[in-house]
Amino acid sequence: MLNYAIKRLGLAVVIVSVAMFLLFSMIYLIPGDPASVALGPRATEAMKAALRERMGLDQPIWVQFWNFYSGAWTGDLGTEILSERPVLTVVMEQLPYTVALIVGGISWSVALGIPLGCLAAVRRGGWVDRIVGVLSVAVIAVPSFVIAIYALLIFAVWLQWLPAIGAGEPGEPGDQLVHLILPSLAVGIGWVGYIARMVRASMLEVLEASHIRTAYAFGLPDNQIIYRYALSIAILPTVTLLGIGIGQMLSSAVFAEIVFSRPGVGKLVYDAILTRNFPVVTGAVLVTTAFFVLLNLIADLIVGALDPRVRSNF
Amino acid sequence: MPVLSVTGLNVRFSTEDGSVHALKDVSFDVPERRIVGVVGESGCGKSTLINAILGLLAKNGEVSKGSILFQGDRDLTKLGATEMRALRGEEIATVFQDPMGALNPVFSVGQQMVNVQYRSGLSKAEKRKRASEMLKQVRIPDAEAALSRYPYEFSGGMTQRIAIAMALMMEPALLIADEPTTALDATLEVATIELLQELQVKIGCSVLFISHHLGVVAELCEDVVVMYAGEVVERGTVRQVFNDPRHPYTVRLLECDPARQKKRMRHLPTIPGEIPDLRARPEGCIFAPRCHRRFGACANTPPDMETGTGHVARCFLADQPEPVGAQG
């Protein structure tokens, strides 16, 4: 187990390093001079040169990359151009909102997707199965920002059941939770479809397995066979899928945060791109990448905890 | 009184291409404390027979005629789902063919052996104790520790012994063994059969032993039922059927057993032709198209002719046997 965790952690370091390299190249290749954006149209050449020097933009590219790379591992993601606050602080202020959004999205997709997938598999070919099938495809196909806008219109504007914008009063968990319902639904609903389909497919496969036949031959109650014996196995690919799903939910989070004007890393990146606040862009994307890699690692460890066969390979 | 008495059992499956008559007029008894073997090629209806007894036929299958009397009083074809479930595992236990797949991979052996005792009023500790005692009986080393291990940590032979332990733990009246040794190598096969024999005597249950291995059936069983294309073509004691076969199919089957070949041959003998399509079950004798002794009467359904005490063959010529190997 420990060996496996170390191996996976090493891999995670490599993945994050590659991400850093790609990120750095991308920012470098984007046209536009951060110094002119930061200082405005009336800045003189000398002022721009001074800012570039302070930001290290006058140095050779590989020195710039190394400064960025080595700094990042020690938590130094540079300083924001406008306020000159450390980027890490700025990102960390916003991260909890996005994490809450993702966790909310996962909760929706798991809470709805797993029971629906089970039900569809058990009632294979029946009308429940067909409805779940159609709904799954529908929620997968519709982009999450469209769902976000419609959810906003229906539940916040029209029915006025739920608040439309913001993240709720700080320090009031209840209020924050209510504000989380719609955005997290928008983020997670597509994954209800993926998970329902995945659970259905793997349930159908597991229900055919001979150990399930054994369970029936021993007269175990049907519910125990389906929801304990079969689902414990059918759930495994879903956990791995969710690890990947978090990546997509992160990009949906950008839209959800814009539509619902919530604070969060997505909104932070969006605003930073508009203002050419490149240190914030790289810093926020980097933190998000690390977050994603970490969650994937957790997903794999969960699969290990659930499946003794995988655990033995750790 | 036989533990299990199957009479005139017919099973049909409705499929998209019409109805499949999987079992036709199947009759045989499993007497108390006896081991009855069922032999036949793949697709002869052995699995359907098991599922019909267990009440686990697929949704599209149904018993269209006949009865399965259990211990003389309960007709398994008429019991409700709940009553059937109460019987399974408790009074009728089953061991399946594929030992590696027969146990749930994500639960420990102990969890699974405790779970199947859910009907008993024992405490969890008592259930575990019972499970480990049963594992000792099937000679699993370090039974106590084995309970907390997972199926993949055991070899095929060991998993099959665990499956046997689990099946016999409730001391059922009837054990159905569905080719339990087919997936094992020859030495393990012998050991497993000896174990089954030993436990059967100890527990005093009857065994319905499904196999396509004639040697194993001859070794283990007292009675044998020969099935072909969903029909019982011959049944009797092992001695009667193996030494004095009366149905041409049994004769051919015995000739094809490699263990019975007396002289070296370039090719193993086979039975020419194929099992008929059960969607369009032909009238008359089911074996007639492949039979070397067929004659005009075979277009009619042959009777079950009793040629000795309990020795029955479904053939017009049952009273005129041919010696095994006459075909060369």
Side-chain angles (χ1 to χ4, degrees), chain A residues 1 114 118-129 199 202-240 299-314, chain B residues 47 50-51 53-60 81-109 111-119 148-153 159 162-163 166-170 172 175-179 183:
Chain A
M1 184 79 190
I114 291 177
C118 278
L119 213 60
V122 174
R123 306 271 162 83
R124 181 187 195 173
W127 59 270
V128 176
D129 187 16
V199 168
S202 39
M203 269 302 261
L204 286 178
E205 200 186 312
V206 175
L207 286 174
E208 292 291 311
S210 43
H211 56 82
I212 294 299
R213 193 173 155 210
T214 305
Y216 276 111
F218 275 97
L220 291 175
D222 290 10
N223 279 340
Q224 194 182 356
I225 294 175
I226 293 166
Y227 296 105
R228 215 167 110 80
Y229 274 53
L231 189 58
S232 313
I233 300 169
I235 202 91
L236 298 171
T238 307
V239 178
T240 313
D300 283 351
L301 293 177
I302 289 176
V303 170
L306 294 177
D307 190 343
R309 293 165 297 181
V310 175
R311 205 183 308 149
S312 71
N313 293 329
F314 280 175
Chain B
S47 309
I50 297 174
N51 288 335
I53 295 171
L54 291 173
L56 291 176
L57 284 173
K59 276 186 192 133
N60 60 342
T82 322
E83 297 161 292
M84 236 8 252
R85 195 172 59 225
L87 219 61
R88 287 199 297 267
E90 195 75 30
E91 292 180 80
I92 303 177
T94 318
V95 178
F96 289 108
Q97 176 175 353
D98 167 28
M100 300 306 271
L103 296 174
N104 193 302
V106 303
F107 293 108
S108 71
V109 166
Q111 273 173 301
Q112 296 186 55
M113 291 187 76
V114 166
N115 271 352
V116 298
Q117 301 178 58
Y118 75 102
R119 284 169 289 218
S148 37
R149 288 162 71 192
Y150 290 86
Y152 76 91
E153 295 177 83
T159 359
I162 293 171
M166 200 156 112
L168 292 179
M169 188 166 51
M170 312 307 246
L175 174 72
I176 299 176
D178 182 7
E179 310 215 18

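To find a chain, count down the sequence lines: A is the first, B the second, and so on, and within it residues start at 1.
- With rounding to the nearest 0.5 Å, the separation of OH in A:Tyr216 from CE in B:Met84 is 14.5 Å.
- Neither the backbone nor the side chain of B:Ile176 comes within less than 4.5 Å of any heavy atom of chain A.
- Heavy atoms of B:Leu103 lying under 4.5 Å from chain A belong exclusively to its backbone.
- In this structure, chain A has heavy atoms under 4.5 Å from both the backbone and the side chain of B:Gln112.
- Contact annotation for B:Ala167: both backbone and side-chain heavy atoms come within less than 4.5 Å of a heavy atom of chain A.
- Applying the side chain to side chain donor-acceptor pair (under 3.5 Å) criterion to B:Glu83, with sequence neighbours excluded, gives no partner residue.
- How far CG of A:Asp307 is from OH of B:Tyr150: 9.5 Å, rounded to the nearest 0.5 Å.
- Looking at A:Ala217, both its backbone and its side chain come within 4.5 Å of chain B, counting heavy atoms on both sides.
- Using a 4.0 Å cut-off between charged nitrogen and carboxylate oxygen, A:Arg213 and B:Asp178 count as a salt-bridge pair.
- With respect to A:Arg228, the side-chain contact (heavy atoms from CB on, under 4.5 Å) criterion is satisfied by exactly one of B:Asn104, B:Asn115, B:Val106: B:Asn115.
- Between the side chain of B:Tyr152 and the backbone N or O of A:Pro308, at least one donor-acceptor pair lies under 3.5 Å.
- Residue B:Met166 touches chain A through both its backbone and its side chain, counting heavy-atom pairs closer than 4.5 Å.
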